[in-house]
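In this chain, numbering begins with 1 at the start of the sequence shown.
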Amino acid sequence: MSEERLFSADEERLIDEAFQHLLDSYIQSVHRKKTDIITKAFNFARKAHNGIRRHSGEPYIMHPLAVAQIVCSEMGLGSTSICSALLHDVVEDTDYTIEDIKNVFGPKIAQIVDGLTKIAGGIFGEKASAQAENFKKLLLTMNDDIRVILIKIADRLHNMRTLDSMQPRKQYKIAGETLYLYAPLAYRLGLNKIKSELEDLSFKYEHPVEFKDIQDKLSFSQSERNEMYRKFTSPIIEKLDSMGIKYSIKGRLKSPYSIWKKMNRNSLTFEEIFDILAVRIVFDPPEPSKEKSECFDIYLALTGIYKSHPDRLRDWITRPKANGYQALHSTFMSNEGRWVEVQIRSRRMDEIAEQGIAAHWKYKDTGHDYQEDETELGHWLETIKEILEDPQPDSMDFLDSIKLNLYSSEIFIFTPKGELRTMPQGSTVLDFAFTIHTFMGTNCIGAKVNHKLEAINYELKSGDQVEVLTSKSQKISPEWLNFATTAKARAKIKQWLRKNNRESEKFGEALLHEFANNERIELTPQNLNRLCKLHGMENASALMVAIGQKKVVLGEEERDILKGGGSSWYKRFWSSLYKSSPSDGKKAGQPDADIPNVKNKLIISDMESHVYSFATCCNPVPGDPVLGFIEEGGHITIHKLKCETATRLKAANGNRILQVEWNIGNSIFPASIYMKGLDNIGTLGKVTDVISKKMNVNMTRLVIESKEGVFEGTISVMVHSLMDLKAIQEGLKKIPGITTVVRKEE
């Protein structure tokens with residue numbers, strides 16, 4: 001008897017079509033054609049998810065089908081990964097067990113599905129510690145089977161593509177953690193195309209106005225770019241054809257997120273960004289051994305057509321990036337006077353750039369003579385493993401440690417014996433010492449860099465040869481964290497410091513308990529949070545260490561805080577925000593719960609200014625899209641949505657995010673404006689006239705620098721709202737000679 005279907009005929013047809021598309025894509029791939037097991041996995045998942053729908057209302061089975069399609073078509077993986085993708089939510093969301101998966105599909109697929117089940121929901125946990133813990137699980141699976149992490153990235157990509165159906169607060173949270181963690185992780189595994197899409201989708205939901213503005217401008221200037229591309233590539237095509245090279249050539253458009261990031265980083269307008277268009281040449285070498293030489297042959301041919309930029313040649317052919325990326329990048333001056341970047345790479349290099357580590361397997365498994373050096377990826381995975389073994393990482397410290405080495409640009413360092421090591425840009429002698437061995441790092445006193453003695457905080461440059469110097473009498477100090485930049489070095493230093501802090505922590509804990517007993521105060525988690533907030537401590541452990549080292553002396557102020565002195569405003573305000581739980585015996589509105597209901601919305605008004613503060617990292621003004629972050633002690637900090645700190649907080653502590661609305665009356669806020677233009681006589685007077693007289697705004701600081709007839713500077717002003725700020729900008733733009741006026745992001 002056929003199984004009862006709980007979807008409409010049209011929905012069943014869509015499911016069948018999606019599965020057929022998956023099969024067709026798989027059949028066209030280079031993998032062995034194991035269609036039977038893929039069909040079995042689809043039927044198993046279809047039965048398990050029958051009648052279940054997503055937030056969008058579509059049948060749930062469409063999600064695992066979409067993830068499997070990404071795994072197949074966009075990552076180039078085979079039947080084991082496709083089956084695992086189809087089954088990835090079965091154990092989490094249905095009554096089937098891992099044992100059931102193992103009995104039907106064997107141990108390997110069961111192992112991958114088990115890994116995906118253990119990290120179900122990624123870092124969506126309700127507590128920050130759970131979020132960090134889930135991300136640890138995610139990374140630990142790389143030691144068992146890298147396909148777990150690849151399928152999880154595919155799962156996140158489809159969730160981002162279908163994020164429209166979620167509530168705005170959930171969109172902010174998911175987009176924030178995607179941008180902070182998953183996009184860098186995709187980049188580190190070589191999934192550049194997926195990395196860019198994750199960034200753009202996150203940008204779309206975090207900053208919809210800016211995203212649409214850039215999209216509109218890209219569409220408006222498309223015809224101009226097409227003509228520029230045609231004129232630039234015509235002589236290149238003619239030359240490559242005459243050389244008998246088998247190739248394809250296409251334009252590559254800079255992504256909206258990359259454009260926005262560059263605009264903010266360099267205080268540029270959209271019109272001032274000149275590398276929006278790049279040209280990519282992908283060729284098929286006559287044989288694998290001539291792959292590298294043909295890259296340089298094409299480059300030399302292009303130098304006969306256009307002049308190349310002397311400082312913009314990037315050779316990732318002979319020195320691949322740590323994620324396996326290989327290409328030759330150069331920038332040429334077009335006949336129209338515009339710089340155009342040209343990327344040259346083979347078909348194999350192109351597939352590795354798009355599909356990352358999956359493409360490595362393809363070329364290793366199909367008998368080609370390509371031998372890829374996976375040492376650097378292995379070093380990175382080993383670093384991650386060491387960080388994970390650190391027993392007590394704070395959630396934000398842990399996520400930051402991982403993030404440090406995901407996106408970093410790379411430099412190349414030589415050992416005394418000439419061995420090449422890849423390091424993140426900004427690495428110091430101390431960082432390099434820790435990459436060699438933990439003993440070298442903990443006992444490092446300096447190094448000979450290019451045979452010259454340098455201190456442990458010396459910043460290394462690409463091409464340096466480094467000999468680490470050690471001493472057994474050397475002792476690690478907390479100041480080392482100021483110039484250790486790599487995740488491994490910082491993790492080892494913190495681990496050593498924690499070990500030495502344990503004695504102080506035990507002593508501090510004893511002093512605190514003695515104080516609490518004498519004052520008849522109960523040391524609840526909420527009371528510890530209040531003490532941490534009072535002294536600016538990240539957690540209770542840091543507080544105990546400070547007490548043990550006599551940096552914090554317990555007295556009258558601590559007694560008042562713990563006994564509730566002067567906290568009436570605190571109780572009044574949080575009475576409307578605390579959520580109650582029937583199981584914990586607390587009444588609704590009870591302040592000591594210290595668990596605000598993040599579903600409530602905070603209205604920012606002049607009357608409640610003691611409840612919140614504005615983050616100095618981004619200086620929001622009324623009218624900016626903002627969010628509230630609930631600190632450990634209950635105080636709220638307001639950040640702009642585009643603030644990098646806010647992105648980090650959403651990734652690690654999404655349950656503490658509040659939706660915020662402005663209702664400010666007379667308060668004024670600091671803001672900065674960046675200007676650039678021709679240094680004409682009287683320009684400065686016109687600037688101050690616009691701000692002080694016409695706009696009647698208080699200017700707190702003005703810094704102007706002039707060089708070779710061009711000036712640039714920053715004005716700090718106090719405004720009531722974003723509307724005031726935009727009015728000032730419009731007024732400044734009307735001054736003759738001023739070419740750029742943008743808000744300066746802190």
Side-chain angles (χ1 to χ4, degrees), residues 132 379 382-405 408 411 413 415 421 423-449 452-461 464 466-512 531-532 534-554 648:
H379 282 323
E382 187 62 31
T383 297
I384 297 296
K385 184 179 179 182
E386 289 183 3
I387 294 171
L388 294 171
E389 289 171 351
D390 192 5
Q392 294 177 327
D394 171 78
S395 63
M396 285 305 296
D397 275 353
F398 170 73
L399 297 177
D400 283 345
S401 294
I402 298 299
K403 181 73 162 32
L404 274 172
N405 294 141
S408 299
I411 57 174
I413 306 300
T415 67
R421 292 291 180 98
M423 299 285 294
Q425 192 171 33
S427 294
T428 62
V429 164
L430 186 62
D431 294 315
F432 182 72
F434 274 104
T435 65
I436 298 173
H437 196 276
T438 300
F439 174 83
M440 300 288 279
T442 54
N443 293 274
C444 178
I445 58 172
K448 289 182 179 178
V449 181
K452 182 181 176 183
L453 192 63
E454 300 289 356
I456 60 176
N457 63 347
Y458 176 79
E459 186 173 322
L460 299 173
K461 301 173 184 63
D464 282 345
V466 182
E467 179 186 353
V468 176
L469 304 176
T470 62
S471 169
K472 290 183 179 179
S473 62
Q474 177 67 297
K475 299 293 182 184
I476 292 178
S477 71
E479 287 72 29
W480 283 22
L481 291 172
N482 295 330
F483 44 82
T485 66
T486 61
K488 180 175 181 178
R490 292 181 66 84
K492 288 296 181 184
I493 292 168
K494 288 178 181 180
Q495 188 176 2
W496 192 92
L497 291 173
R498 272 198 298 272
K499 181 179 178 181
N500 283 269
N501 279 340
R502 282 173 192 155
E503 191 171 325
S504 295
E505 184 177 348
K506 288 181 180 178
F507 182 52
E509 187 175 0
L511 289 176
L512 180 59
L531 285 178
C532 289
L534 175 66
H535 294 288
M537 299 295 172
E538 294 181 357
N539 51 48
S541 178
L543 176 67
M544 303 297 184
V545 171
I547 294 171
Q549 294 175 348
K550 301 298 178 69
K551 294 177 181 178
V552 169
V553 179
L554 301 170
R648 292 169 59 242

K.L.:
Can you list the residues that meet the side chain to side chain contact (heavy atoms under 4.5 Å, CB included) rule with Ala489, with sequence neighbours excluded?
P.N.:
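For Ala489, the residues satisfying side chain to side chain contact (heavy atoms under 4.5 Å, CB included) (neighbours in sequence not counted) are Asp431, Phe434, Ala484, Thr486.
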K.L.:
Calculate, to the nearest 0.5 Å, the distance between atoms CG and OH belonging to Asp464 and Tyr458 respectively.
P.N.:
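Going from the CG atom of Asp464 to the OH atom of Tyr458 covers 5.0 Å.
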K.L.:
Can you tell me how far apart CZ (Arg502) and NZ (Lys506) are? Round to the nearest 0.5 Å.
P.N.:
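Here the interatomic distance stands at 8.5 Å.
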K.L.:
Which of these passes side chain to side chain contact (heavy atoms under 4.5 Å, CB included) with Leu469: Ile456, Leu453, Val429?
P.N.:
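Considering Ile456, Leu453, Val429, a side chain to side chain contact (heavy atoms under 4.5 Å, CB included) with Leu469 is found only for Leu453.
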K.L.:
Let me see the working for Ser541 and Glu505 under side chain to side chain donor-acceptor pair (under 3.5 Å), right down to the final yes or no.
P.N.:
CA-CA 7 Å; Ser541 178; Glu505 184 177 348; 3.1 Å; yes
K.L.:
Mind checking side chain to side chain contact (heavy atoms under 4.5 Å, CB included) for Ile436 and listing every partner two or more places apart, or none if nothing turns up?
P.N.:
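Partners of Ile436 by the side chain to side chain contact (heavy atoms under 4.5 Å, CB included) criterion, ordered by chain and then number, come out as Arg421, Phe432, Met440, Val468.
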K.L.:
Step by step, work out the side-chain contact (heavy atoms from CB on, under 4.5 Å) result for Val466 and Lys448.
P.N.:
CA-CA 6 Å; Val466 182; Lys448 289 182 179 178; over 6 Å; no
K.L.:
side-chain contact (heavy atoms from CB on, under 4.5 Å) between Leu531 and Val552: does it pass, once the steps are laid out?
P.N.:
CA-CA 10 Å; Leu531 285 178; Val552 169; over 6 Å; no
K.L.:
Any chance you could measure Ile445, atom CD1, to Lys472, atom NZ, to the nearest 0.5 Å?
P.N.:
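Rounded to the nearest 0.5 Å, the CD1-NZ separation comes out at 13.0 Å.
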K.L.:
Side chains of Glu459 and Ser427: is there a donor and an acceptor less than 3.5 Å apart?
P.N.:
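No, no side-chain donor-acceptor contact under 3.5 Å.
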K.L.:
With a 4.5 Å limit on heavy-atom distance, are the side chains of Lys461 and Ile411 in contact?
P.N.:
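No. Closest side-chain heavy atoms not under 4.5 Å.
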K.L.:
With rounding to the nearest 0.5 Å, note down the distance linking OG in Ser504 to CD1 in Ile547.
P.N.:
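Reported to 0.5 Å precision, the distance equals 11.5 Å.
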K.L.:
Keeping Gln474 on the side-chain end and Cys444 on the backbone end, is there a donor-acceptor pair under 3.5 Å?
P.N.:
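Yes; judged by distance alone, with no hydrogens or angles, the pair exists.
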K.L.:
Of all heavy-atom pairs between Thr442 and Trp480, which one has the smallest distance, and what is that distance?
P.N.:
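For Thr442 versus Trp480, the nearest heavy atoms are O-CH2, 3.8 Å.
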K.L.:
Is there a side-chain contact between Leu430 and Asn457 (heavy atoms, below 4.5 Å)?
P.N.:
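No, their side chains stay 4.5 Å or more apart.
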K.L.:
Quick one: OG1 on Thr435 to NZ on Lys488, what's the gap to the nearest 0.5 Å?
P.N.:
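Thr435 OG1 to Lys488 NZ: 6.5 Å, rounded to 0.5 Å.
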K.L.:
To the nearest 0.5 Å, tell me how far Lys492 NZ sits from Arg490 CZ.
P.N.:
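Output value for this atom pair is 15.0 Å.
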